[in-house]
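Keep in mind that the numbers below use all heavy atoms, side chains included, and drop hydrogens, waters and symmetry copies. Just so you know, residue 1 is the first one in the sequence shown, and it goes up from there. In listed order, ligands and their atoms are each counted from 1.
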Amino acid sequence: MVSVTYSSTRGCETQKNLSFRDVVMTGLAHDRGLFIPDSFPTVSKEELGSWRSLSYPDLAVEVISKFVEEDQVPKKKLAEIVKRSCGAFRHEDVTPVKEYGGHYVLELFHGPTFAFKDVALQMLGNFFEYFLETGSNGGRLAVLGATSGDTGSAAIYGLRGKKGIDCVILFPNGRVSEIQERQMTTVPDSNIHCVAVDGTFDDCQDIVKASFANKEFRDRVKLGAVNSINWCRVLAQTTYYYWSYFRVTDENPDIETVNYSVPTGNFGDILAGYYSKRMGLPVGKLIVATNENDILHRFFSKGEYHRYDIAETISPSMDICVSSNFERYLYHLAGDDPTVLSSWMKAFESTGKITLTGKKLEEARKDFLSARADTAMTLQTIKEYKDKYDYMLCPHTAVGVSAIHQLGEVSKATVALATAHDAKFPAACQRAVDPLPTPPPQLSKLFSMKTRSSNCPNDASVVQAFMEKRIEERIANEKAAGLKTAQLKKTVLSAAAVALVALVASQLAKKR
Ligand SMILES: *Cc1c(COP(=O)(O)O)cnc(C)c1O
């Protein structure tokens with residue numbers, strides 16, 4: 001019997017020993033901390049051996065069930081949720097492993113929006129639906145998110161058509177790439193509402209924050225979030241570290257530990273690798289690969305987690321100035337002590353700096369290496385892999401591959417995580433490869449599809465009013481549809497009754 005509960009990194013008494021259901025529905029803890037398992041389940045050598053031959057979905061069920069209590073989600077239900085989530089992927093391996101350039105590449109972009117966030121958001125959408133069906137939140141959830149690109153579309157594809165859920169995604173008007181905008185606005189489901197805000201991505205994020213801070217609004221609409229700090233997202237991502245470890249060691253039985261190079265922004269992806277290692281997966285080094293927004297590279301190389309301004313790069317999904325999941329790792333570096341962690345975070349909030357030296361930095365460097373690839377290095381890597389191996393890397397993936405080369409870790413024991421399909425970033429890729437390969441039909445057809453979105457000024461109260469109106473409309477429509485079904489049922493029943501009477505009468509007539 002699994003027994004895993006979760007507590008906030010900041011240690012508030014009311015945010016301790018919560019269930020998987022609670023932490024998934026809540027997202028961010030009420031003390032602004034992040035939820036962490038109270039104890040880490042382990043995987044023995046024997047168990048690991050028995051997982052080797054499993055399919056991706058079966059493996060995912062085994063890994064995830066270690067963190068989910070049976071009374072929260074019965075294992076049969078969990079298997080259903082996991083299989084449905086994996087079923088949204090175009091490849092039967094879900095995340096296939098390939099070999100190029102003397103190392104492995106783990107392709108995470110075979111989901112509906114061609115980027116790795118699908119792995120987590122398909123799963124989160126299905127968990128939300130199950131929790132709402134079984135009584136959470138009175139059966140309704142209103143998701144509000146801001147996006148500068150990939151998160152929005154992955155969230156929309158994870159939540160479209162889900163019962164009881166409304167999803168409002170804000171994006172900065174005219175500042176999202178055309179493909180990314182069309183991936184969002186071509187989704188026809190009535191529970192999806194895309195809103196172009198007259199402002200920047202930061203303005204969109206501020207509207208989301210203001211809405212969560214507005215307790216009345218939050219409670220009235222039953223506000224929820226899908227941002228990368230949701231525990232479910234980290235958990236969903238652990239499976240592919242196991243999966244790729246097995247595929248690499250199937251082909252190279254003498255390899256003992258596997259290294260992973262991860263294009264990193266909010267630290268959610270690589271954190272799943274760190275947790276896999278903590279559970280007992282034989283992981284060597286985890287390579288934190290950053291673009292010019294290199295706060296994490298500066299931390300792992302010099303111990304300086306110091307906030308700088310954001311720079312716009314050709315790998316926009318890694319353009320961050322603080323890394324939202326990093327608090328989870330810092331908590332472990334703080335010796336799993338919420339008091340120490342809280343003091344670090346408080347210092348960071350007032351000075352924009354955390355500096356670690358000596359033993360703590362050494363400890364971090366036991367698990368993590370880091371490297372930074374600027375635009376020139378990234379484009380050079382894309383060009384090199386296309387020229388030498390006829391393989392296209394997206395700009396994010398190329399940052400991770402460049403890191404492997406910079407650190408001298410090219411070997412069959414190293415896996416580069418490929419986080420998006422190159423065709424999502426044609427403008428950047430064309431600077432390295434011209435002409436570009438033909439894009440997948442699912443992406444090219446976006447340009448001839450009907451789009452649907454709304455406009456809002458940069459004003460939280462207007463966005464909130466918009467959101468309430470959409471929710472009211474949908475509830476009214478659902479009621480009307482429910483009434484219609486009831487009426488239809490009545491009509492069908494009375495028609496059936498008439499037919500039955502007629503039948504009986506005719507039988508009686510025959511008898512006579
Ligand atoms: C979100 C994203 C990343 C960064 O992942 P984090 O979990 O934020 O570190 C990298 N590449 C792509 C394509 C992404 O969409």
* Hey, which atoms in ligand 1 end up nearer than 4.0 Å to a heavy atom of Gly265? -> 4 (C), 6 (P), 8 (O), 9 (O)
* To do: Compute the minimum heavy-atom distance from Pro263 to ligand 1 and say whether it is under 4.0 Å.
  => yes
* Structure fact -> of all protein heavy atoms, closest to atom 12 (C) of ligand 1 is Thr419 OG1, 3.5 Å
* For Tyr275, ring pair (Phe, Tyr, Trp, His ring centres under 6.0 Å) partners two or more places apart -> Phe40, Trp231, His332
* Considering residues at least two apart in sequence or located in another chain, which fulfil the ring pair (Phe, Tyr, Trp, His ring centres under 6.0 Å) criterion with Phe246? -> none
* Side chain, backbone, both or neither: the part of Asp269 lying under 4.0 Å from ligand 1 by heavy atom -> both
* Which of the atoms in ligand 1, numbered in the order shown and given with their element, are less than 4.0 Å from a heavy-atom of Gly268? -> 6 (P), 7 (O), 9 (O)
* Cationic tip of Arg90 within the cone over Phe109's six-membered ring, i.e. under 6.0 Å and within 45° of the normal? -> no
* Asked: Ser177 and Glu181: side-chain donor and acceptor closer than 3.5 Å?
  -> no
* **ligand 1 atoms in contact with Met318 (distance to a heavy atom under 4.0 Å)** => 10 (C)
* **For the student: nearest non-hydrogen atoms of Ser315 and His396, plus distance** => C-NE2, 3.3 Å
* To do: Write down the atom of Gly199, the atom of Pro172, and the distance for their closest heavy-atom approach.
  => O-CB, 3.2 Å
* Could you tell me which atoms of ligand 1, counted from 1 in the order shown, lie closer than 4.0 angstrom to a heavy atom of Thr264? => 9 (O)
* Shortest protein heavy-atom distance from atom 8 (O) of ligand 1, along with the residue and atom involved -> Asn266 N, 2.7 Å
* Asked: Hey, is CD on Glu312 packed in by over 12 heavy atoms from elsewhere, all under 6.0 Å?
  -> no
* Which atoms of ligand 1 have any heavy atom of Asp150 under 4.0 Å away? -> 13 (C), 14 (C), 15 (O)
* Structure fact -> Phe267 heavy atoms within 4.0 Å reach ligand 1 at atoms 6 (P), 8 (O), 9 (O)
* Find all atoms of ligand 1 within a distance of less than 4.0 Å from any non-hydrogen atom belonging to Ala420, and give their numbers and elements. => 13 (C)
* Identify the closest protein heavy atom to atom 2 (C) of ligand 1: which residue and atom is it, and at what distance? -> Lys117 NZ, 2.5 Å
* To do: Measure across Ala398 and Thr381 and return the closest heavy-atom pair with its distance rounded to 0.1 Å.
  => O-CG2, 3.8 Å
* Are there more than 12 heavy atoms of other residues, nucleotides or ligands under 6.0 Å from atom NZ of Lys383? -> no
* Under 4.0 Å from a heavy atom of His396: give me the atoms of ligand 1 that qualify, with their elements. => 11 (N), 12 (C), 13 (C)
